[in-house]
Structure formats: structure tokens, C-alpha cells
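Structure, as C-alpha cells:
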Amino acid sequence: MTSTSGASTATDGSTGNLTSMETAALLGGLNLSDGHPRMPLTASQREIIDSLPVLFNEAEKRVFEEVEAEAQRTFLHGIGQLCAPIATGRLVTCYSSSVAMDITARALAQRTGHVALVHPTFDNIPDLLRGRGLTLLPVTEAELERGEPELPDEVGAVFVTTPNNPTGWVLSEDGLRRLAAYCARTGRVLAMDTCFRAQDPRAQYDTYAILTDSGAEWVVIEDTGKLWPTLELKAGFLAWGENTDLPLLEYFSDVLLSVSPLILLMITKFAQDASDGGYAELQELVRRNRQALAEVLAGSSVELTDPGARVSVARLTLPEDGPDAIALYEELAKDGTHVLPCGPFHWDRHGDGTRQIRIALARPESDVVRAADVVAGAVRARLDAARRAG
Ligand SMILES: Cc1ncc(COP(=O)(O)O)c(C=O)c1O
């Protein structure tokens, strides 16, 4: 439910889930809320959009499997995933990564009642897993990196988001090797959401080569939806291993026949353009915006939480004596600036995110600077008011 202030309110009076807050931000104002790209198209991306009628004609004529494999190959090879199971029957295309996530959650629930999930992470991942009846156990990024999380026997799968949203943490190549070996040894499925990996070269080692070598059962969810300002024209990819004993193909076919070949042709073009300099441009935009944020906040009592992150979102830590994240979120939303409070990312302990907000960086730099000014100003005003009162 959305209040007249533009802040999102659930029926129980709480602020609702993150997506409902992101939806409130679509109503207008300064939207630094969702992680979807909302910067202008580059000149070469605009040319691709201008060619959509031509791509439509091409899509009508070509065989779907060929168009799909081409999009998967161009996209996944362009981000280092040379061993992705293209054209094996173990890599399917979904309307979005959340659809791939829901299929994964349903399949995991056939196998186990308990899943260990990285904490914190974007809340639609725990919501979809729980929605399929799974009980979740939080694991930290550090435990996953060490590769030996201590898990009760009933936990049948480990779910990792890397790069993670909102922290930007990346599971290292050695970390994945350790974790995959652990899952193989203990008979657990290793599931990964790598939706943000095209933004961070540190996440572009060949995940599929490591997973396949490990002998573990695995599932990977990829995404084109966090990269290009294509108005939600995007796809999620769901891949799994040869020995992954989960009914993923069956559940996929319960949901859809195929995504649009027009979107797949568009993805091929965007992925080619990205490999020819578009990824470098995107990564530079995100780097500049993170730096602009840091510069505006320098000297204020608000700090960049993860200065080393490369993903297109940034967490800000609020001072202990200032407003908490929910209060600040509500105050800013009332005045038309939309960010996210980080509590819901901490899906097992909302309190861990009380002092943090998240700002989207796949935006024009001027939007990021304006939002940073608004945040710093609002926190300063609260601190000044508290000092005057005390
Ligand atoms: C890590 C991660 N995975 C998946 C999703 C879902 O993406 P979509 O809404 O495009 O399905 C999100 C959304 O922000 C996300 O942050």
C-alpha cells in the first residue's frame, strides 16, 4: 500500500518489503530507490533501440533456439562464463531473474526443507524461498568465503548472492572452490544469484568451470536486468549442472514456453556493445557516482559503508545520534526523494540494518549528487534539532 506521502506502508503499518518501497518511488520525485538502470542510453545503445523494428523482422524469421543460444553465448561469454551450459538443455531463459529464482525455490523445496542463505541480501530472495515453504538459516559473507559454514544436517542447500546486494561483496574464486567442495562433500546443493556480476570484473572468473569440476549439484541465476536502461526489457537465465537432481526444467515449463526472441536479439546487441566498451563505460559511471557520493558526504556525519564495492548500489551509514534509517526514509520520501532503508536486507534480523540506507548508482550523476545533498542536509537538520533540544 502507498501512503499519500509516497512512502510505502504495508497493511500491518510497517514500511513493507523493498519492492513495495521501490514501487512508491516510481510515482515521481527523485528516484534513488531501485537497482534498475535509469541513466540515459549511450549513443550506441540508442542506435540499437532505434533498430528494434529491424530486429522484430529478424526475430519473426529465425529459429528460436538459435536466437536464444546466440544471446546466452554473447552475454555469458562477454562476462567470462565460457563454460556456461549453452545449448545443453540446462540453461533456460526467463522473463526476469525473479522468475528463475521462484523456479529454483520450488525445485529446492522438493529436495529439502532448509536452506542456508547469505545475510544480508535483497529481500525478494528470502521471500521467494519462504514462499515455497523453505525454512532459512542466515550465513555471513565471511563464513561463505571461508567455505566451511557450520550447518545443521537438515540444511540441504546453500544460497549465495555474489556480487551481493546491497554490500557489493564478491565471493572469490578460491572461496567458490572451497564452498563448492564443501557442498559436494556434504551433499548440499549450491545455488547462486550472480545478477550483478557484469558490473564487477572480480566476479567474472568462470563460475561454471569451478562448479562443474567440484562435483557439487549447482544452480546459477544470471540477469541482464541490472545493466542497461532498457525499460525492463531484460531476461534472467537459469543454469544447472549435469548431475543436479532437481526438477528445474519441469517447473520452468510450468511457467513459460519462451521469452520474446525480440528481447533476446536486443540482448545480443547490447551484450556485443557492452563487450566493445559498454561495460567499461557502465563501470566508470558507477565508479564516478560512488565517488561523487563520497565527495558530497565528506565532512558530514554520513559515511559510505562499502567504499570498495563496484555494484550499482551504495550503502550509507548514519550517525548513532541521528535519525534511524526508517525515519530518514519516510522523511525523505515525504519530500519526494526515494532511497531504501537497509533493515529489510537483513532478512533475519532487520535491526542489523537500522543505521544504513541504500542509494542506487545507475543514475545520472546529477541525481546522485542531489540525493546525497538531501540525505546529508536531513541528517544535519535532525542532529542540530536534537542538540538544540538537549
Ligand atoms: C541480487 C538480486 N537478484 C535478483 C533480483 C530480482 O530482479 P528482477 O526484479 O529483475 O527479477 C534483484 C532485484 O533487485 C536483486 O537485487
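As the structure lists them, so they are numbered: ligands from 1, and atoms in each ligand from 1.
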Which of the atoms in ligand 1, numbered in the order shown and given with their element, are less than 4.0 Å from a heavy-atom of [X]?
X: Ser98; value: 6 (C), 7 (O), 8 (P), 9 (O), 11 (O)
X: Asp193; value: 1 (C), 2 (C), 3 (N), 4 (C)
X: Ser96; value: 11 (O)
X: Thr161; value: 1 (C)

message = Measuring from atom CD of Gln291 to atom CG of Leu361, what distance do you get when rounded to the nearest 0.5 angstrom?
response = 12.0 Å
query = After noting the C-alpha distance and the side-chain angles of Glu68 and Ser258, does the key distance pass the side-chain hydrogen bond (donor to acceptor under 3.5 Å, both in side chains) rule?
reply = CA-CA 9 Å; Glu68 184 183 41; Ser258 80; over 6 Å; no
inquiry  = Heavy-atom contact check, 4.0 Å cutoff: does Lys226 meet ligand 1?
reply    = yes
message = Would Ser97 count as a contact residue for ligand 1, given that I'm defining contact as a non-hydrogen atom of the residue lying under 4.0 Å from a ligand atom?
response = yes
Under 30°, 30 to 60°, or over 60°: which ring-plane class applies to [X] and [Y], parallel, tilted or perpendicular?
X: Tyr208; Y: Trp218; answer: perpendicular
X: Phe75; Y: Phe237; answer: tilted
X: Phe345; Y: Phe122; answer: tilted

List the closest protein heavy-atom neighbour of [atom]: residue, atom name, distance to the nearest 0.1 Å.
atom: atom 10 (O) of ligand 1; answer: Lys234 NZ, 2.8 Å
atom: atom 13 (C) of ligand 1; answer: Phe122 CE2, 3.4 Å
atom: atom 16 (O) of ligand 1; answer: Asn165 ND2, 2.6 Å

request  = Answer with side chain, backbone, both or neither: which part of Met101 has a heavy atom less than 4.0 angstrom from an atom of ligand 1?
outcome  = neither
task = May I ask you to check whether over 12 heavy atoms, not counting those of Asp348, lie within 6.0 Å of atom CG?
result = yes
query = Does CG in Leu231 sit with more than 12 non-hydrogen atoms of other residues, nucleotides or ligands closer than 6.0 Å?
reply = no
